[in-house]
Every structure is written in structure tokens, then in C-alpha cells.
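Note sheet for the following structure.
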Amino acid sequence: MTDTTTGTAPDPAIPSEADWDHAPSLVDGANSLELTAAECDLQYWLRAVPQGTLRGKVLGHDENVRPHEVTRRPGPLNEALTQELAFRSIAEDKATRALGYMVALAPDTATMEFYTTQLMDEARHSMVFRNHLLSLGVARQDLFTTIDRLAAADRDAVLVPLENLGLEVLRDQEDFIGGVVVLTILVEGVLAPAAQLSELKWRIFDPAAADVERGAGIDEIRHLTVGSSVAREHLLAHPEDKERILELITRGRKLWENLPATEMTLRRETLFQKGLDAHRDLAGDYEIWPGRRLVDTTIEERVGTAHEWSESMQRKRLLYMGLEEAI
Ligand code: FE
Ligand code: FE
């Protein structure tokens, strides 16, 4: 019998795209894989996620993986990471609740099962992001007031307008495919690359947070690829809906232009830079991506790279969905 906890051989029972040690990065996976709702049903999810990606990682990381001491104590690294986690925890909470409408509106069993699993994934993301704040010095009894203090302004400025668009489409118009597009193109498609950046830039200062991001990124490959395939199949069967979907994308993009999301990202990245400058020795020769040491990167380079990933992912997805007019 082989000990799979110490070896690196893939476990044949776990789909490789969900295997902790063998899954591609979020951006690579979302750009190269094709998965459908019918493939990613409840049986797939039970094998791939609770028994696969998350086996032994209820909190999103192994128990012996901990944030570095410089990130646990008050300072710019702690501020940058707690602000980010608080914001992400609220975003995932809102996504979970919106997904309740997707489950209710799903036109068939395959999409109903898939969106049920995505609902669980997003509730889990919210929980692990929130929970990790406890490892960064937040007292349990202050958790929710701290999340509010750290992220209520960003929530109101960035997340509430996006949530309102989603609720208008899902709750008021009961438009399932509109909801799929809002989620896949306008919310997750835009935010996912920031999550990958987060995994890479926190790896040294908080390997537990990086692992939490890694697990959420593995889930996100599934959300983006299946969401795209649901939209593609729907538009092939109902070409008459294309005009409406294109208008929705245009509306969503206009909305994004007026959201202070870049300001928020730059504020957190500036804090991160301060911490990086103070602890260059810890980062050493760690490469954030091949050939580029983290210590040599700038705020603009990190934010710009995530933005490029986002653009190239969007182009690929829109083409695949048959929405090339939106590129
Ligand atoms: Fe998520
Ligand atoms: Fe997601």
C-alpha cells in the first residue's frame, strides 16, 4: 500500500485538476481546461473536493502551516493581508447568497447540482478567509466587527453595486443565463487573477494564506470553465439571447469603470510594498513568477500583471462562449 500523504504520485481517484499537488494554477487551468456541468456533477465534486483538494485541509491549509511572525504582528503586512481577507470574506458571502438564486433557477439537474457545489465552494471560501483572520491576531469575539472595520467601506463602494446587478438579473428578472454571465464574466472573471497574485505574493510571508488561496484557486478553475461552458451551450441553443447578453456585458463593464476597485488594490499593494521593503531578507531569492524575484517587483508591475491575466482570460472565455463581439 502506498502512502499518498507523503508521495507525490497523483491519486487516480482524484481528478488531476483538483489534486492539490498536481492541479494547474488558476490562470493556466482556466485558460486550458474545458469542463461541463454534466462532468462536474455532485459525484465528481464529492470525490474531487472534500476527498481530494481539501482532504486534511478543513481550514484551507495543513494545520502545521502558519503565517510568518512578521505577518502576525501589527504592521503593514498584517494590515494588507487582514484588509484583503476581510474584503474577500464578504465578497464570497455575497456570492454564496446570490448562488442560491442560481440553484433555484437552474434549468436542469446538471446545472442544479453544479451550482449547488459552487454554492458550497463559495461559502467555504468565505469561511476560510474569515477564519484566517484569527491566525493574524484578531480575537474571535471581535471577528465580525473587525471585518466591518477593515472592509465595510470597500464593501459598500465595490461589492454592493456588483451585488445589486446580480440581484436585479437573478432575483428580479429570474434570468439564469444572465446570472451565469454576470458571475463568470463580470465578477469571477475579473477578480480571479487577483486571487492568483495573492497566492504568489503571500507565499513567503504567510504560507497558510497562500495555501488558502491555492485551494480557492483550484475551485475557481472549475467555476470559470463550467460557467463558460453553460453560457456557451445556452447560446448555441438560443442564439436569440445573444443580443441581450451582450448588452448585459456592456452594462457590467460600464459599472466596473465607475467602481474604485483599482484604488482599493493600490492601497493594499502599497501596504504590501512597505512590508516587503522592511523584510527583503525574508523574501530572499523567492521568485513570484519564473525569472522574477518578488523583491525586484513593483506595485505597478504586480497589479499590471494581474490585470493582463484578467484580460487574456476574458478574451479566451468570450471567444469560447461565442461572444467575440464583446472583446
Ligand atoms: Fe470563491
Ligand atoms: Fe468562485
Side-chain angles (χ1 to χ4, degrees), residues 17-18 20 23-31 33 35-37 40 42 44-45 48-50 52-54 57-61 84-103 106 111 113-133 147 151 154-155 158-159 162-163 165-166 169-170 176 179-199 202 209-231 252 261 306 309-310 313-314 317:
E17 66 274 9
W20 188 274
S25 74
L26 195 177
V27 173
D28 287 349
N31 274 336
L33 292 171
L35 294 166
T36 65
C40 294
L42 205 42
Y44 169 97
W45 184 84
V49 185
T53 316
L54 299 177
K57 295 182 175 67
V58 171
L59 295 178
H61 58 84
E84 181 177 344
L85 292 169
F87 177 81
R88 297 281 300 281
S89 164
I90 298 173
E92 303 280 0
D93 176 292
K94 290 194 181 301
T96 308
R97 293 167 194 273
L99 277 156
Y101 292 100
M102 305 272 286
V103 173
T111 48
E113 287 199 4
F114 173 73
Y115 282 107
T116 300
T117 69
Q118 184 170 345
L119 186 149
M120 280 295 292
D121 290 338
E122 309 300 12
R124 183 189 78 83
H125 298 167
S126 182
M127 178 274 284
V128 288
F129 289 135
R130 183 171 63 242
N131 196 83
H132 194 59
L133 290 166
I147 289 174
D154 292 336
R155 173 195 68 204
V158 177
L159 294 175
L162 287 169
E163 178 183 38
L165 176 64
V169 169
L170 283 166
F176 172 76
V180 171
V181 166
V182 168
L183 205 62
T184 311
I185 310 257
L186 297 169
V187 181
E188 299 199 294
V190 178
L191 296 175
Q196 175 151 349
L197 173 66
S198 194
E199 175 192 339
W202 287 113
D211 278 353
V212 165
E213 295 283 1
R214 162 86 176 145
I218 291 173
D219 292 339
E220 205 52 46
I221 294 172
R222 202 165 52 245
H223 301 169
L224 287 170
T225 52
V226 175
S228 303
S229 127
V230 172
W309 290 337
S310 175
M313 270 172 59
Q314 290 285 28
R317 299 276 114 207

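Remember, it's 1-based here, ligands and their atoms both numbered in the order they're listed.
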Query raised in the report: Does Glu220 bring an N, O or S atom to under 2.8 Å of the Fe ion (ligand 2)?
Result: yes
Query - N, O or S atom of Glu188 closer to the Fe ion (ligand 2) than 2.8 Å - result: yes
Requested in this report: Using a cut-off of strictly less than 2.8 Å, determine whether Glu122 has an N/O/S atom near the Fe ion (ligand 1).
Outcome: yes
Query raised in the report: Ser126 side chain to Ser89 main-chain N or O, any donor-acceptor pair under 3.5 Å?
Result: yes
Query raised in the report: So, does Ser310 use its side chain to make a donor-acceptor pair with the main chain of Ala306 at under 3.5 Å?
Result: no
Query - Of all N/O/S atoms in His223, the name of the one nearest the Fe ion (ligand 2) - result: ND1
Report summary line: Test side-chain hydrogen bond (donor to acceptor under 3.5 Å, both in side chains), reference Arg222, set Asp121, Thr117, Thr53, output is Asp121
**Report entry** At the Fe ion (ligand 1): angle between Glu92 atom OE1 and His125 atom ND1, to 10 degrees
**Finding:** 100°
**Report entry** Trp20 backbone acceptor or donor facing Arg214 side chain under 3.5 Å
**Finding:** yes
**Report entry** Steps toward side-chain hydrogen bond (donor to acceptor under 3.5 Å, both in side chains) verdict (Glu122, His223)
**Finding:** CA-CA 10 Å; Glu122 309 300 12; His223 301 169; 3.1 Å; yes
